[in-house]
**Student:** 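I am attaching a structure below and will ask some questions about it afterwards.
First the proteins, then the strands, lettered A, B, ... as listed; each starts at 1. All of these numbers come straight from a predicted model, not from anything done at the bench.
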Protein chains: 2
Amino acid sequence: MLIRTPAELGAVLRDRRKKLKLDQSTFAKRIGVSRQWVIEVEHGHARAELGLILRALDALDIRLDASTEQAPAREATRQAIDINAIVAKARKKKA
Amino acid sequence: MLIRTPAELGAVLRDRRKKLKLDQSTFAKRIGVSRQWVIEVEHGHARAELGLILRALDALDIRLDASTEQAPAREATRQAIDINAIVAKARKKKA
DNA sequence: TTGATATGTCAGCGATCGATGACATTTCTC
DNA sequence: GAGAAATGTCATCGATCGCTGACATATCAA
């Protein structure tokens with residue numbers, strides 16, 4: 001999953017947490033933060049601390065890869081793909 | 001490149017910035033932060049804001065991928081690899 | 001050296017973090 | 001519906017963010 005915004009990161013964390021059958025409280029304890037922090041981050045809190053985010057990812061066995069990407073040939077490539085993914089995910093949750 | 005700590009992220013940002021021939025000032029302006037922020041983040045500042053970090057990565061055309069990894073078969077796999085990499089990098093800088 | 005450029009350090013400031021604890025709401029299981 | 005569990009909201013508080021601006025070191029060329 002490509003991560004471009006805090007909201008996308010929050011969605012990844014939440015999905016993975018649920019997949020692992022953890023509730024926010026036990027997850028928070030596991031990474032040493034408050035439940036409040038988990039709530040805000042899962043909602044896309046943009047000013048969350050980098051270090052805590054990395055700990056959260058690690059606790060959920062999510063690996064982060066940084067790679068320099070080729071210049072995307074097509075104009076809409078980067079943005080369109082992400083927007084579609086976000087919309088699709090949003091729809092899925094409501095329906 | 002696998003990102004596991006703020007220091008690793010900082011190193012990635014610095015390397016990429018230099019590869020693109022940007023100095024800290026122009027880079028800072030490009031992402032809308034102070035030069036001070038760039039300095040601290042490149043040095044591994046753990047409490048940097050997630051949103052600014054993502055903007056910095058985007059400005060340097062670094063993409064971030066989140067993926068759930070398989071349970072590593074060997075015991076030491078994950079930790080050992082990273083610790084070695086970090087130590088090696090630290091040594092290289094001093095020498 | 002002198003000058004130019006890049007990077008690192010410091011102090012002070014307003015804004016916001018994340019923690020805590022209580023309460024509200026939503027989502028289930030009976 | 002009753003009750004429990006999970007999630008969301010709110011206010012308060014000390015700690016720290018990132019910004020500014022000035023100064024301090026590199027680093028390199030002439």
Side-chain angles (χ1 to χ4, degrees), chain A residues 3-62 64 68 86 89-95, chain B residues 3-62 64 68 86 89-95:
Chain A
I3 302 294
R4 293 179 67 64
T5 67
E8 286 178 351
L9 210 234
V12 167
L13 286 172
R14 161 159 295 203
D15 289 353
R16 181 68 175 154
R17 174 178 64 77
K18 293 209 161 180
K19 205 158 282 175
L20 296 181
K21 304 284 187 187
L22 297 173
D23 60 44
Q24 294 174 340
S25 289
T26 60
F27 177 44
K29 270 174 204 149
R30 188 168 300 190
I31 62 183
V33 299
S34 66
R35 190 170 68 88
Q36 179 73 3
W37 184 89
V38 173
I39 292 171
E40 288 177 358
V41 166
E42 287 188 350
H43 286 202
H45 182 45
R47 307 195 52 182
E49 289 183 13
L50 173 62
L52 299 182
I53 293 291
L54 293 179
R55 262 162 52 195
L57 290 168
D58 189 65
L60 296 178
D61 284 319
I62 298 171
L64 256 200
T68 80
I86 293 168
K89 185 160 291 185
R91 291 243 169 81
K92 215 157 84 176
K93 277 177 183 160
K94 294 206 170 176
Chain B
I3 304 293
R4 291 179 68 62
T5 67
E8 286 178 352
L9 210 234
V12 167
L13 286 172
R14 162 159 292 203
D15 289 353
R16 180 69 175 152
R17 173 178 64 78
K18 294 209 160 180
K19 205 158 282 174
L20 297 182
K21 304 284 187 187
L22 298 173
D23 60 44
Q24 293 174 342
S25 289
T26 59
F27 177 44
K29 269 172 203 149
R30 188 168 300 192
I31 62 182
V33 300
S34 66
R35 189 170 69 86
Q36 179 74 3
W37 185 87
V38 173
I39 292 171
E40 289 177 357
V41 165
E42 288 188 349
H43 286 208
H45 182 45
R47 307 195 53 182
E49 289 183 12
L50 173 61
L52 299 181
I53 293 291
L54 293 179
R55 260 158 57 193
L57 290 167
D58 189 65
L60 296 178
D61 284 319
I62 298 171
L64 256 199
T68 80
I86 293 168
K89 184 160 292 186
R91 289 242 169 83
K92 214 158 85 178
K93 276 177 184 162
K94 294 206 171 177

**Student:** Quickly work out the A:Ile31 CD1 to C:dG18 P distance and round it to whole Å.
**Tutor:** 11 Å
**Student:** Rounded to the nearest Å, what distance is computed from the CD1 atom of residue A:Ile53 to the C1' atom of nucleotide C:dC17?
**Tutor:** 13 Å
**Student:** Given that B:Arg47 and B:Arg17 both sit by DNA chain C, which one's nearest nucleotide is further toward the 5' end?
**Tutor:** B:Arg17
**Student:** Give the rounded distance in Å between these two atoms: CG of A:Leu22 and P of D:dA6.
**Tutor:** 11 Å
**Student:** Would the distance check show the side chain of B:Arg55 and the main-chain N or O of B:Ile31 forming a donor-acceptor pair, the cut-off being under 3.5 Å?
**Tutor:** yes
**Student:** Once you round it to whole Å, what is the distance between P of C:dT16 and CG of A:Leu52?
**Tutor:** 19 Å
**Student:** Nearest-nucleotide wise, let me know which of A:Asp23 and B:Ser34 is further upstream toward the 5' end of DNA chain D.
**Tutor:** A:Asp23
**Student:** Can you see if the side chain of B:Arg14 gets near the phosphate of C:dG8 - specifically, an N or O under 4.0 Å from OP1 or OP2?
**Tutor:** yes
**Student:** Between B:Arg35 (side chain only) and B:Ser25 (backbone N and O only), is there a donor and an acceptor less than 3.5 Å apart?
**Tutor:** no
**Student:** Please state how far atom CD in A:Glu49 lies from atom C1' in D:dT16, giving the value in whole angstrom units.
**Tutor:** 8 Å
**Student:** Using the side-chain heavy atoms of B:Ala48, tell me which of these nucleotides is nearest: C:dG8, C:dA19, D:dG18.
**Tutor:** D:dG18
**Student:** Ignoring hydrogens and angles, are the base of D:dC17 and the side chain of B:Glu40 linked by a donor-acceptor pair under 3.5 Å?
**Tutor:** no
**Student:** Separation of B:Lys21 atom NZ from C:dA6 atom P, in whole Å?
**Tutor:** 12 Å
**Student:** Between atom CD1 in B:Ile39 and atom P in C:dT9, what is the gap in whole Å?
**Tutor:** 8 Å
**Student:** Using heavy atoms to find the nearest nucleotide of DNA chain D for B:Gln36 and B:His45 separately, return the residue whose nucleotide is more 5′.
**Tutor:** B:His45
**Student:** For the CG atom of A:Leu9 and the CD atom of A:Glu42, what is their distance to the nearest 0.5 Å?
**Tutor:** 11.0 Å
**Student:** Of all heavy-atom pairs between A:Gly44 and A:Pro6, which one has the smallest distance, and what is that distance?
**Tutor:** O-CB, 3.3 Å
**Student:** Nearest-Å distance, CZ (B:Arg35) to C1' (C:dG8)?
**Tutor:** 7 Å
**Student:** Would you say B:Leu57 and B:Arg16 make side-chain contact, with heavy atoms under 4.5 Å?
**Tutor:** no
